[in-house]
S.K.: 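Sharing a structure, written as structure tokens. Questions coming.
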There are 2 protein chains.
Amino acid sequence: MTEQARGVEEPPNDRAQLLLRTLIECYIREGEPVGSRTLSRESGLSLSAATIRNVMADLEDHGFVSSPHTSAGRIPTDKGYRLFVNTMLRYKPPGMAEIAELRRKLELRAGDPKALVTAASQLVSGLTHLAGVVTVPRETHASLSQIEFVGLSGNRVLAILVVNGREVQNRVLQLERFFPPDELRRAGTYLNDQFRGQELAGVRAQLVKQLQETREQMNRLMTDTITLAQRAFAIHPGDGEADMVIAGETNLMGLAELSNVDRLRRLFEAFSEKRDILHLLDQSLHGEGVQIFIGHESGYTILDDCSVVAAPYTQDDRVVGVLGVIGPTRMAYERVIPLVDIAARMLSSALNLRD
Amino acid sequence: MTEQARGVEEPPNDRAQLLLRTLIECYIREGEPVGSRTLSRESGLSLSAATIRNVMADLEDHGFVSSPHTSAGRIPTDKGYRLFVNTMLRYKPPGMAEIAELRRKLELRAGDPKALVTAASQLVSGLTHLAGVVTVPRETHASLSQIEFVGLSGNRVLAILVVNGREVQNRVLQLERFFPPDELRRAGTYLNDQFRGQELAGVRAQLVKQLQETREQMNRLMTDTITLAQRAFAIHPGDGEADMVIAGETNLMGLAELSNVDRLRRLFEAFSEKRDILHLLDQSLHGEGVQIFIGHESGYTILDDCSVVAAPYTQDDRVVGVLGVIGPTRMAYERVIPLVDIAARMLSSALNLRD
DNA sequence: AACTAGCAATCGACCTTGCCGAGTGTCAAG
DNA sequence: CTTGACACTCGGCAAGGTCGATTGCTAGTT
């Protein structure tokens with residue numbers, strides 16, 4: 001029994017790999033099934049079409065390529081793309097001009113995370129002609145810089161939290177009783193003195209503890225202050241769950257592989273639902289560097305025939321979000337992957353720019 | 001010379017109108033060109049197909065219908081739809097269940113304009129199976145309830161404006177020098193005493209006047225306070241220009257009349273550009289009640305084959321935005337128009353709910 | 001043993017043809 | 001003014017045919 005005959009999952013030999021690479025490059029370029037004659041011309045090897053057919057039959061047996069029907073060349077399978085991406089990709093880094101544009105447009109928005117994310121999404125979308133997607137940074141470590149209370153009409157109070165010295169969060173609290181302005185001010189001063197510079201999560205924990213201790217002493221004023229603070233520091237809707245910004249979805253329209261209108265609609269609905277896409281991107285949060293999900297690998301049938309290339313980005317050396325693109329499986333990986341990589345780095349550095 | 005022969009723009013006679021109405025109702029229902037036999041069956045008049053053909057020829061001469069080609073029935077032109085909508089529409093108001101759903105889901109979000117607008121957009125989109133679009137309320141009259149300053153890192157100061165007793169605006173100001181906390185507090189107290197309850201625009205004007213008067217007295221502290229305030233009340237980016245929320249764009253996919261992929265893409269690009277759509281909706285801001293733009297009437301070629309049904313909504317008896325839907329010219333006007341009307345009223349009342 | 005050439009078979013893409021049905025315009029008769 | 005009859009037009013559909021590309025296989029070559 002030869003190795004071949006056993007039909008196990010060993011990688012194909014060098015020649016077959018070269019041919020697979022040529023085939024995938026051709027297919028990505030042309031978008032049409034590649035036949036043996038074309039490969040014989042383009043591979044660089046001086047092999048006849050007949051020989052190539054034999055190799056192709058092997059590759060098909062091993063599941064790297066498939067034929068849409070008898071007598072239309074071969075197209076890569078997800079497994080074929082995976083091998084291609086893993087072991088035989090020749091990266092083409094973006095040109096200096098593109099890098100410069102990225103840097104310029106991102107640095108322009110340094111200091112405003114929301115604008116940065118939007119810009120990054122639009123930039124990668126524009127440069128790749130695919131859909132760009134960036135999750136908004138999650139507040140992993142949110143240290144309290146300042147808190148203020150402002151009385152609104154009725155029993156409502158506006159809590160303003162300044163976090164990490166630059167981001168501002170507003171929370172409107174509906175309270176049980178009216179708090180006069182000076183009481184609000186006193187509460188603010190107390191909290192600022194007590195908790196400035198600490199993590200929000202930690203503050204919450206301490207407040208609970210204090211509340212129990214103080215309640216025993218029946219100090220009404222203190223209890224109220226702490227209750228007020230607890231409300232302000234309560235988990236905010238949207239605190240934990242991430243959000244994302246998508247740009248250039250329209251680039252996906254008119255792509256041959258998504259010509260099925262119904263599939264395209266479901267894809268767009270997935271974009272506005274966000275849930276599945278976010279779950280997928282979450283997986284890139286852990287793991288370093290560029291992650292690539294090819295076709296069914298994502299696990300979401302909506303993304304069949306689509307690939308996702310994503311890279312985490314950091315703030316203060318912690319991963320806080322993911323930048324990536326979504327496009328057809330047949331995308332120019334050799335250009336997209338380095339671009340996503342660089343864009344994620346630039347976004348990180350723009351996020352960390354202090355002003 | 002008979003009236004007919006003069007070929008002027010007089011409306012067609014009753015019978016022709018009835019036939020036109022039947023034709024349009026048929027076409028909206030079926031989506032296919034309507035022939036003379038169908039009309040003869042459905043019109044209720046006992047006329048033969050031949051007679052109807054004569055009437056149709058007249059209607060075509062007057063530009064109310066057109067034939068895609070010889071020997072395919074007739075379809076309405078924009079002008080035909082216009083006459084239909086203006087003079088012979090039989091409204092079908094939405095059912096109680098739908099009205100109840102609208103009211104419930106909107107009242108749930110009373111007090112949060114942004115959430116209201118999003119919900120309204122999704123609701124009308126869902127009920128009509130078209131794209132829902134709502135402009136966010138413009139702050140026509142913004143009376144200052146309260147202003148507070150919070151020092152941030154560096155020379156930056158966060159200004160918090162509470163407007164109309166409920167809406168909160170944050171503005172980060174990059175200042176020339178450092179303002180210590182007590183100076184910020186004094187400025188806040190001064191401005192609150194001076195301007196509480198006044199219109200933002202008025203405040204701006206008064207500040208300019210005060211600045212000139214005070215400058216002559218060389219009161220450094222006062223000048224600085226006023227400069228600070230001026231910055232806080234400066235025209236905010238996005239203050240003047242409106243924004244909007246679109247929901248259910250995907251409903252437009254797969255509609256026969258938008259099957260042209262390229263047209264669909266341009267339409268979606270117009271959605272994300274927003275500019276043209278906003279201009280169009282602006283026209284509905286003035287004018288009362290439901291406005292309808294049919295096909296080319298909008299003046300934007302992107303919206304050819306599309307109609308826009310929109311109605312302004314109010315806050316404190318002033319028009320502050322527009323609620324509407326975008327769909328194919330061939331839409332069920334008799335259901336959509338009353339729905340948009342009611343939805344706009346409900347949005348108004350939800351906006352005016354005090355809590 | 002590896003490679004190649006040749007060949008038949010297969011299949012999709014594309015075009016033509018013919019035909020059907022739906023629809024129109026016209027005309028003469030009622 | 002209405003009607004039925006007739007000729008004509010056009011899109012859609014199915015059947016059939018050609019063309020080209022590609023494959024699998026086999027037999028021959030290096």
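Naming: A, B, ... by sequence-line order, numbering from 1 per chain.
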S.K.: Can a donor-acceptor pair under 3.5 Å be found between the side-chain atoms of B/Arg53 and the base atoms of D/dG4?
M.R.: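 Not at all, since no donor on one side and acceptor on the other fall under 3.5 Å apart.
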S.K.: Inspect the surroundings of CZ in B/Arg37 and state if more than 12 heavy atoms from other residues, nucleotides or ligands are less than 6.0 Å away.
M.R.: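 No.
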S.K.: Looking at every strand, decide which applies to A/Ser46 at a 4.0 Å heavy-atom threshold: base, sugar-phosphate, or nothing.
M.R.: sugar-phosphate
S.K.: Taking atom C1' of C/dC3 as reference, at what distance in whole Å does atom CZ of A/Arg15 sit?
M.R.: 8 Å
S.K.: If you check the B/Ser48 side chain, which of C/dA5, D/dT3, D/dT2 turns out closest?
M.R.: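 Selected nucleotide: D/dT3.
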S.K.: Can you figure out which of D/dT3, D/dA21, C/dG6 approaches the side chain of A/Arg37 most closely?
M.R.: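 For the A/Arg37 side chain, the nearest candidate turns out to be D/dA21.
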S.K.: Only one of B/Val134, B/Leu123, B/Val133 passes side-chain contact (heavy atoms from CB on, under 4.5 Å) with B/Leu323; say which it is.
M.R.: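 Output: one option passes, namely B/Val134.
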S.K.: Using heavy-atom distances to pick each residue's nearest nucleotide on DNA chain C, tell me which of B/Ala50 and B/Ala72 is more 5'.
M.R.: B/Ala72
S.K.: Taking atom P of C/dG25 as reference, at what distance in whole Å does atom CD of B/Glu60 sit?
M.R.: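 Atom-to-atom, B/Glu60 to C/dG25, this comes out as 6 Å.
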S.K.: Can you check the B/Asp14 CG to D/dC1 P distance for me, whole Å?
M.R.: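 It is 15 Å, rounded to the nearest whole Å.
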S.K.: So which nucleotide from D/dT22, C/dA5, C/dT24 ends up closest to the side chain of B/Ser36?
M.R.: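 Closest nucleotide to the B/Ser36 side chain: C/dT24.
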S.K.: Whole Å only: how far is the CG atom of A/Asp58 from the P atom of D/dG24?
M.R.: 11 Å
S.K.: Rounded to whole angstrom units, what separation is found between the CE atom of B/Met56 and the P atom of C/dT26?
M.R.: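 It works out to 16 Å between those atoms.
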S.K.: Of the options C/dT4, D/dG4, C/dG23, whose atoms approach the side-chain atoms of A/Thr51 most closely?
M.R.: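 The answer is C/dT4.
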S.K.: Taking the side chain of B/Ala57 as its heavy atoms from C-beta onward, which of D/dA21, D/dG24, C/dG25 lies nearest to it?
M.R.: C/dG25
S.K.: Could you tell me whether A/Asp262 and A/Arg266 have a side-chain N and a carboxylate O separated by less than 4.0 Å?
M.R.: yes
S.K.: Please state whether the base of D/dT9 and the side chain of B/Ser71 form at least one donor-acceptor pair under 3.5 Å?
M.R.: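 For B/Ser71, whose side chain was compared with the base of D/dT9, there is a donor-acceptor pair (under 3.5 Å).
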S.K.: 5'-most contact on DNA chain D: A/Thr70 or B/Asn54, nearest heavy atom basis?
M.R.: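 Mapping each residue to its closest nucleotide by heavy atoms, the 5'-most match is B/Asn54.
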S.K.: Report the distance from atom NE2 of B/His69 to atom C1' of C/dT24, rounded to the nearest whole Å.
M.R.: 11 Å
S.K.: Using a cut-off of 6.0 Å, state whether more than 12 heavy atoms not belonging to B/Arg82 lie near its atom CZ.
M.R.: yes
S.K.: Please report the C-alpha distance between B/Leu39 and B/Leu23 in whole Å, then the side-chain angles of each, then the deciding distance to 0.1 Å, and finally whether the side chain to side chain contact (heavy atoms under 4.5 Å, CB included) criterion is met.
M.R.: CA-CA 7 Å; B/Leu39 280 179; B/Leu23 182 144; 3.9 Å; yes
S.K.: Rounded off to whole Å, could you give me the CG-to-P distance for the A/Leu59 and D/dT23 pair?
M.R.: 12 Å
S.K.: In whole Å, what is the span from the CD atom of B/Glu32 to the C1' atom of C/dG23?
M.R.: 14 Å
